[in-house]
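Reading through the structure tokens given below for one structure.
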Amino acid sequence: NVIRSQFNMASAYAFMAISLIYIPCIATIAVIKSETNWRWAIIAVGYTLLLGWVVATIIFQIAKILI
């Protein structure tokens, strides 16, 4: 019930979206680093965080309007 009190329908959908998109696992970052360099690994982390946040924000705003 604690989780239910913290999330409404819009925030739950946004949370699910960002959880699917944000930072890849440490092993993936390590492989990116070994295949390229630290710069591309950091870019991959930043890109996925930004993309996840933008998608979650859009989903949250649309869900607030529709629900």
Side-chain angles (χ1 to χ4, degrees):
N1 282 336
V2 173
I3 292 175
R4 185 173 284 199
S5 68
Q6 298 298 315
F7 284 101
N8 58 28
M9 193 67 87
S11 62
Y13 281 124
F15 179 74
M16 287 189 289
I18 197 166
S19 294
L20 290 170
I21 298 172
Y22 77 120
I23 301 177
C25 66
I26 297 297
T28 304
I29 297 168
V31 169
I32 293 171
K33 187 258 178 200
S34 69
E35 297 277 332
T36 59
N37 55 32
W38 276 113
R39 178 176 174 255
W40 285 108
I42 292 170
I43 288 171
V45 169
Y47 174 74
T48 56
L49 273 174
L50 180 64
L51 180 66
W53 182 79
V54 168
V55 169
T57 302
I58 291 168
I59 289 173
F60 180 76
Q61 295 301 325
I62 291 171
K64 272 183 27 179
I65 292 169
L66 297 177
I67 297 175

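In this text the structure is predicted, and so the values were computed from the model without any measurement.
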Check whether I3 and F15 end up in the same hydrophobic cluster, where Ile, Leu, Val, Met, Phe, Trp and Tyr are linked by side-chain heavy atoms less than 4.5 Å apart.
-> yes
Closest heavy-atom contact between S11 and Q6?
-> OG-O, 4.4 Å
dist I29:CD1 -> W38:CH2 (nearest 0.5 Å) comes out at 8.0 Å
With hydrophobic residues grouped by side-chain heavy-atom distances under 4.5 Å, do Y13 and L51 end up in a single group?
-> yes
Look at atom CZ of F7 and say whether more than 12 heavy atoms of other residues, nucleotides or ligands are closer to it than 6.0 Å.
-> yes
Joint cluster assignment, Y47 & V55, ILVMFWY side-chain distance < 4.5 Å = yes
Result of checking T36, I42, N37 against R39 for side chain to side chain contact (heavy atoms under 4.5 Å, CB included) | N37
If you measure from CD1 on I18 to OG1 on T48, what distance do you get to the nearest 0.5 Å?
-> 9.5 Å
Count the heavy atoms of every other residue, nucleotide or ligand shown that sit under 6.0 Å from CE of M9, and state whether that count exceeds 12.
-> no
In short, I59 meets A17 closest at the heavy-atom pair CD1-CB, 3.4 Å
Are V54 and F60 in one and the same hydrophobic cluster, where Ile, Leu, Val, Met, Phe, Trp and Tyr link if side-chain heavy atoms are under 4.5 Å apart?
-> no
After noting the C-alpha distance and the side-chain angles of I23 and L49, does the key distance pass the side-chain contact (heavy atoms from CB on, under 4.5 Å) rule?
-> CA-CA 6 Å; I23 301 177; L49 273 174; 3.6 Å; yes
